[in-house]
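Right, one structure below, let's go through it.
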Amino acid sequence: VLLLLTPLVCVPLHLAAARRLRVHLRAPVNLEKDEAGTLGVEFQKSGFLPLCLIGCSLSVENRLTGGRQRLFVRASAPIGRKCTAEYDFVSAHCGSLLVQTRRVRLYDPFGLIGIPWKDTAEAKTTVQPKGFAQSVLVEQDAWRPDDSETYSQEKPGFDLSEVYQLRDYQPGDSLRQMHWKLSEKLDRLVIREPSLPVQRSILVLWERAQAETETQSDAQADVIVTLCRSLLEAGAQFTLAWNDTAEGRLVMQPLHDLDELSGILPRLLSARASAEDESGAERFCRSERAAAFSHIVYLTGAQPERGAVLERFGRLTTLCEADGAAQSGALTFDTEHYPEQLMELTV
């Protein structure tokens, strides 16, 4: 009789406990590809109502590659107010992982009757690419303003020999930029904003408007992150761009040091590929900042011809991921041998 009544008695107890249950997910902030990480699921309840058995189904989505995993954890909190279940997981591909609770149910000791918990919990972690040894040669006209005669009209830069615009002084401005004569004449502090030499402007554009497999997205992410690190280590400042297919726009982020690169990795590694009519190269050509760059590195899949529209802005270097396919005018690499194929690069 007790065995038959136990599941029925647990139903009203779990209905009351479900309203007071809180679920929290803990995931490591950063992981490397193929590195094991621990995912913690914490169940916290108020009151003294026992929870005999908790079943939790988790969804792990790689927002870069589109891959999904399903995990199932169990825990129990018969007396205490908190219990934690841990699960070890490994990601074979880099990317930004979104972990969410899909189904949480409170069961009786025999697992017969489940009471659903209707809220959701989530956690995020970034699986970084391993990277590879790469030597990047930045040609002088790509990063030195010595012989530049053309300056950007869209944004300021760092060449004090040419004035971009005059504006009022703001706290934090360098005294080197002060226009003393004009400040004395106007009786207020005036700053000279330096110009940006076009020859010094480098754009790294990652094309995401294309159909790709998980392995292809993983390889391209490794290439783009390694290239950015190599450029920064070579002392080159540049702008990283990729098309956000979810929002239908082009994201452009200036990078000056490795800390800035680390800060945008979660967003960069969330850029899922999507076969769209308009490419990132076409979006860039329509942007107001297109004329500010003359040196463009274009990373794409098996359709490098979509980047041909970039040639009118200056020198174009195309990196094409195409297994076994030779593309004219593009540096090709494949998903297995790209560390050797791209170990030396000239920009």
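Residues take their numbers from the sequence shown, with the count starting at 1. All values below come from the heavy atoms of this structure, side chains included, with hydrogens, waters and symmetry mates left out.
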Out of curiosity, L39 CG to T125 OG1, how far, rounded to the nearest 0.5 Å? 9.5 Å
Qualifying residues under side-chain hydrogen bond (donor to acceptor under 3.5 Å, both in side chains), relative to S59, sequence neighbours excluded: none
Under 3.5 Å, is there a donor on one side chain and an acceptor on the other for S135 and E344? no
Residues in side-chain contact (heavy atoms from CB on, under 4.5 Å) contact with E282, at least two apart in sequence or another chain: E278, S279
Identify whether the distance between the nearest side-chain nitrogen and carboxylate oxygen of E214 and R68 falls below 4.0 Å. no
Rounded distance [0.5 Å steps], CZ in R192 versus CZ in R176: 9.5 Å
Distance-only, no hydrogens or angles: does the N243 side chain make a donor-acceptor pair with backbone N or O of R208 under 3.5 Å? yes
List the residues meeting side-chain contact (heavy atoms from CB on, under 4.5 Å) with E184, not counting sequence neighbours, and say none if there are none. none
Using 0.5 Å steps for rounding, measure from the CD atom of E86 to the CZ atom of R26. 6.5 Å
What I'd like to find out is whether the side chain of L319 reaches to under 4.5 Å of the side chain of Y298, using heavy atoms alone. no
Is it the case that over 12 heavy atoms from other parts of the model lie below 6.0 angstrom from the NZ atom of K124? no
Strictly distance-based, threshold 3.5 Å: is any side-chain N or O of E122 a donor or acceptor partner for the main-chain N or O of L98? no
Are D168 and R188 close enough for a salt bridge, meaning some N to O gap below 4.0 Å? yes
So, taking the atom named CG in L269 and the one named CH2 in W242, what distance separates them when rounded to the nearest 0.5 Å? 9.0 Å
Once you round to the nearest 0.5 Å, how far does CG of L316 lie from CG of L205? 9.5 Å
Side chains of Q100 and R102: any donor to acceptor distance under 3.5 Å? yes
Less than 4.5 Å apart, any side-chain heavy atom of L31 and any of T126? no
Might you confirm whether atom CZ of R103 has over 12 heavy atoms from other residues, nucleotides or ligands at distances under 6.0 Å? no
